Novice: 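What follows is a structure written as C-alpha cells; I'll ask about it next.
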Amino acid sequence: MFEKTIVFQDIDAAKEFNRKLANIDCNMDLYPLYKRRHVIDAKSIMGIFTLDLSKPVVLKAYTEDPKVIREINEITHDISYKGSEISQP
C-alpha cells in the first residue's frame, strides 16, 4: 500500500487530481483526517466534492507496483497542493 497526505490548494487542483487519477489502474481512497470513519473513492469527483478541500486528506493506493507509485507521486507533485509521502510495505 502507498499513502500520501495532501491538502488541495483550490477546487481546480482537486479536479485535476481526480482527472489524472482516473487513468491509473489501481484502487485508491481518500481518508479525511478531520472525519473519522469517512472514506471517499479517490476517482469519484462527487465524493471529492463532499470533502472540505482546505483540510488534509490521506490518499491510499492499494498497490505495490513501483511504476504505479511513481505515477501517483508525479501526479500529486505536478498539481498545486501540498503533500508528504508515506510508503508502507
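None of the values given here were measured: they were computed from a predicted structure. No hydrogens, no waters, no symmetry mates; every other heavy atom, side chains included, goes into these values.
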Novice: Please report the closest heavy-atom contact between Cys26 and Val68, naming both atoms and the distance.
Specialist: SG-CG1, 3.9 Å
Novice: Take atom CG of Asn27 as the centre, draw a 6.0 Å sphere, and report whether it contains more than 12 heavy atoms from other residues, nucleotides or ligands.
Specialist: no
Novice: Rounded at 0.5 Å granularity, tell me how far CD in Glu74 sits from CD1 in Ile24.
Specialist: 9.0 Å
Novice: For the CG atom of Asn18 and the CE atom of Met46, what is their distance to the nearest 0.5 Å?
Specialist: 11.5 Å
Novice: Looking only at heavy atoms, what is the nearest atom pair of Ala42 and Leu30, with distance?
Specialist: CB-CG, 3.9 Å
Novice: What's the separation between atom CE in Met28 and atom CG in Leu21, rounded to the nearest 0.5 Å?
Specialist: 4.5 Å
Novice: Going by side-chain contact (heavy atoms from CB on, under 4.5 Å), name the residues that satisfy it together with Ile11, two or more places apart in sequence or in a different chain.
Specialist: Lys15, Phe49, Leu53
Novice: Could you walk me through whether Val57 and Thr5 pass side chain to side chain contact (heavy atoms under 4.5 Å, CB included), step by step?
Specialist: CA-CA 6 Å; Val57 295; Thr5 302; over 6 Å; no
Novice: Atom NZ of Lys4 and atom CD1 of Ile69: how far apart are they, to the nearest 0.5 Å?
Specialist: 11.5 Å
Novice: Between atom CZ of Phe8 and atom CD1 of Ile48, what is the distance when rounded to the nearest 0.5 Å?
Specialist: 5.5 Å
Novice: Apply salt bridge (Lys or Arg N to Asp or Glu O under 4.0 Å) to Lys60 and list each qualifying residue two or more places apart in sequence or on a separate chain.
Specialist: Glu3
Novice: Is the closest basic N to carboxylate O distance between Glu16 and Lys20 below 4.0 Å?
Specialist: yes
Novice: Might you point out which heavy atoms bring Val39 and Tyr31 nearest each other, and give the distance in Å?
Specialist: CG2-CE2, 3.2 Å
Novice: Can you pull out every side-chain hydrogen bond (donor to acceptor under 3.5 Å, both in side chains) where at least one residue sits in residues 37-53? Sequence neighbours excluded, please.
Specialist: Asp52-Ser54
Novice: Just do the side chain to side chain contact (heavy atoms under 4.5 Å, CB included) check on Phe2 and Ile72 with the steps written out, would you?
Specialist: CA-CA 9 Å; Phe2 170 82; Ile72 295 168; 3.7 Å; yes
